[in-house]
There are 2 protein chains.
Amino acid sequence: MARTQGSHSDITGPRIREAALRLFARHGFAAVSMRQIASEVGVQAGALYNYIPDKQALLASLLRGHMDDLLAAWQAEATTGDTTEKLERFVRFHIRYNLERPDAIFISYMELRNLTPENFAQIEALRKTYESTLEGILRDGHEAGRFDVPDPAVTTYALIAMLTGVNTWYRSAGRLTVDEVCDIYWTMTRRMIAASSEA
Amino acid sequence: MARTQGSHSDITGPRIREAALRLFARHGFAAVSMRQIASEVGVQAGALYNYIPDKQALLASLLRGHMDDLLAAWQAEATTGDTTEKLERFVRFHIRYNLERPDAIFISYMELRNLTPENFAQIEALRKTYESTLEGILRDGHEAGRFDVPDPAVTTYALIAMLTGVNTWYRSAGRLTVDEVCDIYWTMTRRMIAASSEA
DNA sequence: GTCTATACGGGGATAGAC
DNA sequence: GTCTATCCCCGTATAGAC
């Protein structure tokens, strides 16, 4: 039997974060009320403040958590292989990772403006770190003569935008599998940076 | 001498739209109050309702106006030239047009979820129309043997995302002119669809 | 066409009982 | 740790005077 009152500190915290992530992604940070979040979790609004200082800190914590997870996941993949293999791994990793966490990705791009300047700077730095790994790969490949990348910074922006864009249109019920999508984007990427072979 | 009261119907309407566009882009639709918009325009909140039925209709009208302008502007450019020239023109047109209207572009991507289903369907149809012109160019070029585009639909998504992404990073005070940016993106586009020459 | 005033609901956040 | 109750502010939208 579920208790309607009492201590649930171990599960309520995560549930608040899950509910907030989903609601912020669906309706936008400003449009979601603390009462809505509480209602999803099954507690009263006041109880939320046992877990978070305020609404803004909740958003910042979600975004920071997402960026930390993303960087850790990429670090776990990025170890071996030559430059071309690293680039291919980045392309496939980015598409897959984003498709698996649409809510977190959506919020990360849409709700940055609702952060305080301090929180914004922190999240931006993490994002910059992630994007720099791609830029590093492009520069390495260019210097090694494997790629032709006249402007690594711009190419990084272009690639990130292109890859992240998959989230706006891909549906698992559609005509393409995730693997097929990754193949297509890897082909486009390879051509964009003029990698030597199309094998 | 400015009147503090009286009739200004000819200028208040446009000023409401300009203020709303700017504020929605800056803070998000849900976070902006009618009182804020009125204050920017220099009227009381109640006076806004002489021009718009409600807040939601104001947003829909801004988005519809933007899409109408976009389609008209592209129609005015799209008349002549072979397929490769048309594609190059699309790339440069899209980047320039977006950079000149950052607020409208931002809102068009961020605030779609705040539209009623009817308004959303309308705006989406206009956006689809615009993107279809690009897909048409890619299909034409592929069939004519000028491009190699295995999946025109996905390539369209990829190109639109890549080009629209310029707005997130470009600053006129930065190291690149708009022309240089267009050149870089056109090179990347040409390679992506494997257009015959790189001249 | 704009004003003032206001209706009415809902927002974030806190206090104190249990 | 959660509840109920509440504070205080602000939201959209309307009514009626000028």
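A note on names: the letters A, B, ... follow the listed sequences, proteins ahead of strands, and every chain is numbered from 1. Since this is a predicted model, take the numbers as computed values, not measurements.
Taking atom NZ of A/K55 as the reference point, atom P of C/dG10 lies 15 Å away to the nearest angstrom. Rounded to whole Å, atom P of C/dG11 lies 11 Å from atom CD1 of A/I37. Atom CG of A/N50 is separated from atom P of D/dG1 by 6 Å (rounded to the nearest Å). Atom CZ in A/F29 sits about 12 Å away from atom C1' in C/dG11, given to the nearest Å. D/dA5 atom C1' lies 18 Å from atom CE of A/M34, rounded to whole Å. As rounded to whole Å, 15 Å separates atom C1' of C/dG12 from atom CG of A/L59. Atom CZ in A/R15 sits about 14 Å away from atom C1' in D/dG1, given to the nearest Å.
Considering only side-chain N and O atoms, B/Q44 lies under 4.0 angstrom from the phosphate OP1 or OP2 of C/dT4. Contact check, A/T12 against D/dT2: a side-chain N or O comes under 4.0 Å of OP1 or OP2. Residue B/Y51 places at least one side-chain N or O closer than 4.0 Å to OP1 or OP2 of C/dT2.
Contact annotation for A/V32: backbone-only contact, meaning every heavy-atom pair under 4.0 Å involves sugar-phosphate atoms and none involves a base.
At a cut-off of 3.5 Å, with distance as the only test, no side-chain donor of A/T83 or A/R146 sits close to an acceptor on the other residue. Under the 3.5 Å distance criterion, with hydrogens and angles disregarded, no donor-acceptor pair is assigned to the side chains of A/Q56 and A/N114.
Aromatic ring orientation, B/F93 versus B/W74: tilted (interplanar angle from 30° to 60°). The aromatic rings of B/H94 and B/F90 sit parallel, their planes meeting at an angle under 30°, below the 60° perpendicular limit.
Each of A/R22, A/R17, A/R15 was evaluated against A/E40; a single residue qualifies, A/R22, per the salt bridge (charged side-chain N to carboxylate O under 4.0 Å, His left out) test.
Scanning atom types as modelled, no donor and acceptor separated by under 3.5 angstrom connect the side chain of A/R35 and the base of C/dG10.
For B/Y49, whose side chain is taken as the heavy atoms from C-beta onward, the closest listed nucleotide among D/dG11, D/dA13, C/dC3 is D/dA13. You'll find that the side chain of B/A47 is closest to C/dT2, out of C/dT2, D/dA13, D/dT2. Residue A/S33 places its side chain closer to C/dG12 than to any other of D/dA13, C/dG12, D/dT2.
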